[in-house]
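Each remark here refers to the structure printed beneath this line.
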Amino acid sequence: MRFSKAFIPTLKEDPADSVIPSHKLMVRSGMIRMLSAGIYSFLPLGYKVLKKIIEIIREEMDAIGGQEFHLPALNPKEIWEKTGRVEAFGDTMFHVKNRDYVLAPTHEEIMTFHARGVLKSYKEMPQIWYQIQTKFRNEPRPRSGVIRGRQFLMKDAYSFDSSWEGLDKSYELHDKAYRKIFDRCGIKYFVVGASSGAMGGSQSEEFMVKSDAGEDTVAYCESCGYAANVEVAQSKIPAVKRHEVSKKVYEIHTPNVKSIDELCEFLGIDERETAKSRIYIFNDEPVLVLMSGNDEVNETKLESALGGAVRPAHPDELKEITGADAGSIGPIGIKFRIIADLRLKDGNNLYSGANKNDYHIGGIDLKRDVPNIEYFDLRTVQTGEECIKCGSKLEVFKAIELGHIFKLGTKYSEALGAMFLDENGKENPIIMGSYGIGVERVLACYIEQNYDDRGIIWDKTLAPYQISLLGLNMKKEPVVSACEKIYGELTQKGFEVLYDDRKDVQAGVKFADADLIGLPLQIIVGERGLKEDLIEIKIRRTGERLKVKTAEIIDKVQALI
Ligand code: ATP
Ligand code: MG
């Protein structure tokens, strides 16, 4: 492609609305333009990369026996009502005003609709159906460029099996295919598992990349690969010390002491000698939650420990419930349910609130003084704590979800009546899995992991073109003829070359654009070099420069790519 004929509108400055590197670089290199919040147009350079990712995904999906569909984005609302998902998606779902239609945010319903009455016998399964298609979600906070869009491309796949073992196999196949896809794209990812253990095999795994732009926080162990969302992650945090001799419980006057830090300072004690109380409301009843020192309650863990939704008690409820305000609450004398973080297990000689403003209690032995206490893992894992699996140091960071594999079970087949006859002629709902990849996210996340202060750094697999051919002064005949010759030969050999043949553009601008667009190799043809029969090759990733004889340039490029 000749740059002079190409539509590659590069920009010197970062767009005002961009925060993360991939967003800035995709706009600046002329890959995308925003149409409206969360809605992006792919320009030719960006679309070339997108198509390469799509092709990799397609190859790996076909390799596991996937059959490609193309479903409509405009769906009758009725089908979505049958599964209860019009309500479940709420405002995230786009509704079409003049008819009873919705714009599909995913396609479980529609695939199940097509399976229904067609996959009638166990003999017709397993099936893997997929598509690479546009999805619509009215994301409340679209941001980070194409990473969270209101319209985006998803590879979504659905498996249909006649047995739970079959579902395990289909799931396994997708897991392998996903690893191949992300490996081939050159993305460093990790896998976060989640198993709720609920009936219907609701196992799921998320393929994630580390990024400050992420909206999930995960704990990750580099040495054994343990990865979990902080909402469920665990670490090997040691329990507080149990002293040989338990002191007696005694009251201390602590005027104006509210926080754990203030208490530690006032008494000259360590944070780990204190137990902080929080009151939550669960099923209209109060629950006292006890944490060690300044450890915060992880509400997701609390909800799964209790088995339902909780809310913190309002400040004005506290006095009525405990007799004291926040900062003076403690486990002694409490008549309702008390649960504590595992870290406090059987702790003694602890300090906590006295349920009387401006008073605390010392010498608390949880084993002796709080006999009905229950222990759960309730705290959020922090960087530096030991991995629950291997004991190495955990790192806690933000991450983006690239893909998701999920054992759906029979939720959709039951709701939509997609039944099959088993070997015994008995009717059963089809057992399903669903598997998604955000195609634009793959692209953006590749860039998040491959850039420098000059621009994007492509590897040859995803690069929109492999080679930048820069004619430094296209007004000089020797430069033009050398470039034309190289361009002709490389294109003939099947290389994708972006030939910067622009006449009125300074060499500096061509260098800057080449680094910004970031193709793996740059061939730099200048008048001075040609006088010595030399052409320069620059490797974008390393910045390494090689001087090559004109006659050897094609061989050299072939060897390098
Ligand atoms: P997130 O937690 O990031 O909102 P999700 O759990 O809603 O993701 P899924 O419904 O599992 O995502 O969709 C499958 C894939 O589609 C995701 O793994 C992600 O890569 C992609 N995806 C989801 N929402 C968006 C979006 N708003 N913009 C771009 N890609 C998206
Ligand atoms: Mg979402």
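Not measured: the values here are computed from a predicted model. Read the numbers this way: they start at 1 and go in the same order the structure lists the ligands and their atoms.
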Inset, instruction - Pick one of side chain, backbone, both or neither for how E440 approaches ligand 1, counting any non-hydrogen atom pair under 4.0 Å. - result: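 It is neither part, as no heavy atom is under 4.0 Å.
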
Legend entry - Check: G436 N/O within less than 3.5 Å of ligand 1 N/O: no

Legend entry - R441 N/O under 3.5 Å from ligand 1 N/O: yes

Legend entry - Donor on one side chain, acceptor on other, N428 and Y122, under 3.5 Å: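 No, no side-chain donor-acceptor contact under 3.5 Å.
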
Legend entry - Nearest-option assignment for atom 15 (C) of ligand 1, heavy atoms, candidates P105, G438, S204, C445: G438

Inset, instruction - Would you mind finding which of E215, R148, K135, K155 brings a heavy atom closest to atom 4 (O) of ligand 1? - result: R148

Whether [Y] and [X] form a salt bridge (side-chain N of Lys/Arg under 4.0 Å from carboxylate O of Asp/Glu) is what I want to check.
{"X": "E60", "Y": "K155", "value": "no"}
{"X": "D452", "Y": "R540", "value": "yes"}
{"X": "R28", "Y": "D14", "value": "yes"}
{"X": "R58", "Y": "E55", "value": "yes"}

Against ligand 1, does [X] come closer than 4.0 Å with any heavy atom?
{"X": "T106", "answer": "no"}
{"X": "E401", "answer": "yes"}
{"X": "L153", "answer": "no"}
{"X": "I147", "answer": "yes"}

Legend entry - Note, I32 side chain near E440 side chain (heavy atom, < 4.5 Å): no

Inset, instruction - Determine whether N75 and E109 make a side-chain contact, defined as any pair of heavy atoms from C-beta on separated by less than 4.5 Å. - result: no

Which heavy atom of the protein is the closest neighbour of [atom], given with residue, atom name and distance?
{"atom": "atom 7 (O) of ligand 1", "value": "R137 NH1, 2.9 Å"}
{"atom": "atom 28 (N) of ligand 1", "value": "G149 N, 3.0 Å"}
{"atom": "atom 24 (N) of ligand 1", "value": "F152 CZ, 3.5 Å"}

For [X], take its heavy atoms, then give the atoms of ligand 1 lying under 4.0 Å from any of them.
{"X": "H404", "result": "11 (O)"}
{"X": "E139", "result": "24 (N), 26 (C), 27 (N)"}
{"X": "M154", "result": "13 (O), 14 (C), 16 (O)"}
{"X": "V146", "result": "29 (C)"}
{"X": "L402", "result": "18 (O), 20 (O)"}
{"X": "G403", "result": "18 (O)"}

Inset, instruction - Mind listing the closest non-hydrogen atom pair of S292 and R343 along with its distance? - result: CB-CD, 4.0 Å

Legend entry - Heavy-atom pair of closest approach, residues W80 and I110: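 That closest heavy-atom pairing would be NE1-CD1, 4.2 Å.
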
Legend entry - Derivation of the side-chain hydrogen bond (donor to acceptor under 3.5 Å, both in side chains) call for E231 and N298: CA-CA 7 Å; E231 286 171 358; N298 181 320; over 6 Å; no

Inset, instruction - Could you check whether the rings of F94 and F136 sit parallel, tilted or perpendicular, using 30° and 60° as the cut-offs? - result: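 Aromatic pair F94/F136 classed perpendicular.
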
